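A short worksheet on the structure shown next.
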Protein chains: 2
Amino acid sequence: MRLVVARCSVDYVGRLTAHLPLAPRLLMLKADGSILVHADGGSYKPLNWMTPPCTIQEAEGRWTVTNKAGEQLIITIEEITHDSSHELGVDPGLRKDGVEAHLQELLAEQPGVIGDGYTLVRREFPTAIGPVDLMCRDSGGGSVAIEVKRRGEIDGVEQLTRYLELLNRDPLLAPVQGVFAAQVIKPQARVLAEDRGIRCVTVDYDALRGVEKDELTLF
Amino acid sequence: MRLVVARCSVDYVGRLTAHLPLAPRLLMLKADGSILVHADGGSYKPLNWMTPPCTIQEAEGRWTVTNKAGEQLIITIEEITHDSSHELGVDPGLRKDGVEAHLQELLAEQPGVIGDGYTLVRREFPTAIGPVDLMCRDSGGGSVAIEVKRRGEIDGVEQLTRYLELLNRDPLLAPVQGVFAAQVIKPQARVLAEDRGIRCVTVDYDALRGVEKDELTLF
DNA sequence: ACTTTCATTTCGCTC
DNA sequence: GAGCGAAGTGAAAGT
């Protein structure tokens with residue numbers, strides 16, 4: 001990784017055109033050829049950048065970064081105040097815990113938490129308008145489509161409604177019940193869901209993980 | 001801005017929990033107190049970060065970053081290989097051109113691209129639940145509500161559906177046709193739109209701009 | 001301050 | 001590789 005602090009102006013021409021007036025900034029050149037232009041504030045997102053794969057052509061006071069799609073980042077450099085290179089190697093990567101995917105995994109392992117006697121048909125059940133998070137059968141053999149969210153809001157209810165409408169057109173599946181499962185369900189989402197005959201279930205992430213742990217430690 | 005290259009491990013506890021094993025990385029500390037942890041690859045997104053406002057407490061080999069919501073980023077430092085500070089000042093900011101607003105402008109100037117004989121009634125046509133991007137009349141004098149998106153996805157179809165439902169209750173306007181216009185329309189969004197009687201139009205941004213240029217250069 | 005919407009979204013997964 | 005949904009989405013604009 002090469003770090004350059006320089007007074008520069010930047011022009012991007014690609015999916016849109018953008019211009020950065022002359023000012024001191026950090027230029028971060030990564031090992032994969034990508035480049036980031038950062039200011040000293042407005043964190044997280046660079047002012048301008050080019051994602052890999054791309055090539056950097058350095059001329060006197062003018063760097064031209066080009067990617068496969070022909071997009072260009074042109075950096076005009078007036079003055080360099082710092083320039084250093086560092087060997088970092090490949091990063092071992094981030095381990096995340098507590099996102100929707102994990103919640104879905106836990107519920108897939110314990111469908112009984114959502115409804116007595118529920119059994120899993122499959123996760124990410126495919127439909128023409130996208131996958132249903134969990135498809136189950138209830139104790140009577142009826143189909144149940146379950147939408148899992150970390151935070152239950154109206155968008156999620158709309159999403160499940162679309163799936164249900166489609167699934168209920170399929171005579172092999174219909175009638176399909178809907179369940180909206182989330183750690184927290186906002187009142188408006190709950191009202192809308194129940195108005196549409198969708199059952200709401202709030203799930204406790206730590207409890208789910210606890211049950212999982214208990215089961216594991218029994219053996 | 002302070003730049004530190006260090007062998008470190010990072011733990012985030014907040015909206016989720018995340019862990020980064022020990023490895024060399026760049027730590028970028030910005031003037032507003034925010035901090036970014038970058039590896040030598042990936043795109044512009046940091047491996048881990050904390051957005052301002054937040055406070056950094058530096059102890060021996062252990063930096064603790066805390067924000068208002070109580071989320072924490074704990075950086076355990078084994079070895080520092082670089083440490084430099086730089087005065088950058090406030091950035092003058094980015095000028096952009098070519099986003100959705102611009103696409104809407106171009107279509108407003110050339111409604112014929114969306115449908116033969118279409119004429120513009122007005123942009124940002126107001127309704128009780130928000131403005132319709134473009135309201136036009138077709139060659140027969142009928143009303144057409146147009147939703148403009150850079151990328152046409154299901155959300156956009158839902159939005160237009162809500163507008164149409166409302167507009168069609170107004171006896172002075174009804175019947176109102178719906179058109180979903182975007183540079184790219186995803187198949188699922190297209191299926192949903194056409195199922196609801198909404199016509200889909202894909203528009204070529206460069207061609208629109210080209211036509212505009214040609215018209216200008218004719219005079 | 002809160003809500004809505006856009007994004008050069010990026011990222012990860014499934015088909 | 002394309003397509004889709006989630007994201008610690010972030011960021012900006014309007015209310």
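Residue numbering restarts at 1 for every chain, and letters A, B, ... go by the order of the sequence lines. The structure displayed is predicted, hence computed values, not measured ones.
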Starting at the 5' end of nucleotides 4-12 of chain D, put B wherever the base has a protein heavy atom under 4.0 Å, S where only the sugar-phosphate does, and a dash everywhere else. SSSSBSSS-
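Checking B:T161 against B:R196 by side-chain atom types alone, a donor-acceptor pair falls below 3.5 Å. Between B:H38 and A:K30, the side chains place a donor N or O and an acceptor N or O closer than 3.5 Å (distance only, hydrogens not considered). A donor atom on one side chain and an acceptor atom on the other are found under 3.5 Å apart for A:Q104 and A:R123.
Aromatic rings of B:H19 and B:Y12 (six-membered ring for Trp) have centroids beyond the 6.0 Å cut-off, not under it.
A salt bridge is absent between A:R199 and A:E194; no separation between the charged side-chain nitrogens and carboxylate oxygens falls under 4.0 Å.
When the P atom of C:dT8 is taken as reference, atom CG of A:D11 falls 16 Å away, rounded to whole Å. In this structure, CZ of B:R190 is placed 11 Å from P of D:dG3, rounded to the nearest angstrom. When the P atom of D:dG3 is taken as reference, atom CG of B:D155 falls 18 Å away, rounded to whole Å. Taking atom CZ on B:R95 and atom P on C:dT8, their separation rounds to 15 Å, with Å as the unit.
Remark: B:R122 CZ is packed, more than 12 non-hydrogen atoms of other residues, nucleotides or ligands lying under 6.0 Å away. Under a cut-off of 6.0 angstrom, the local environment of CD in A:Q177 is sparse, with at most 12 non-hydrogen atoms contributed by other residues, nucleotides or ligands.
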Canonical and wobble pairing (Watson-Crick, G-U, under 3.5 Å) of DNA chain D, dot-bracket with |: |||||||.|||||||
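Going from the P atom of C:dT4 to that of C:dT8 covers 22 Å, rounded to whole Å. C:dT5 and D:dG8 have their P atoms separated by 22 Å, given to the nearest Å.
Put simply, the side chain of A:D133 gets close to the backbone of A:V148: a donor and an acceptor are under 3.5 Å apart.
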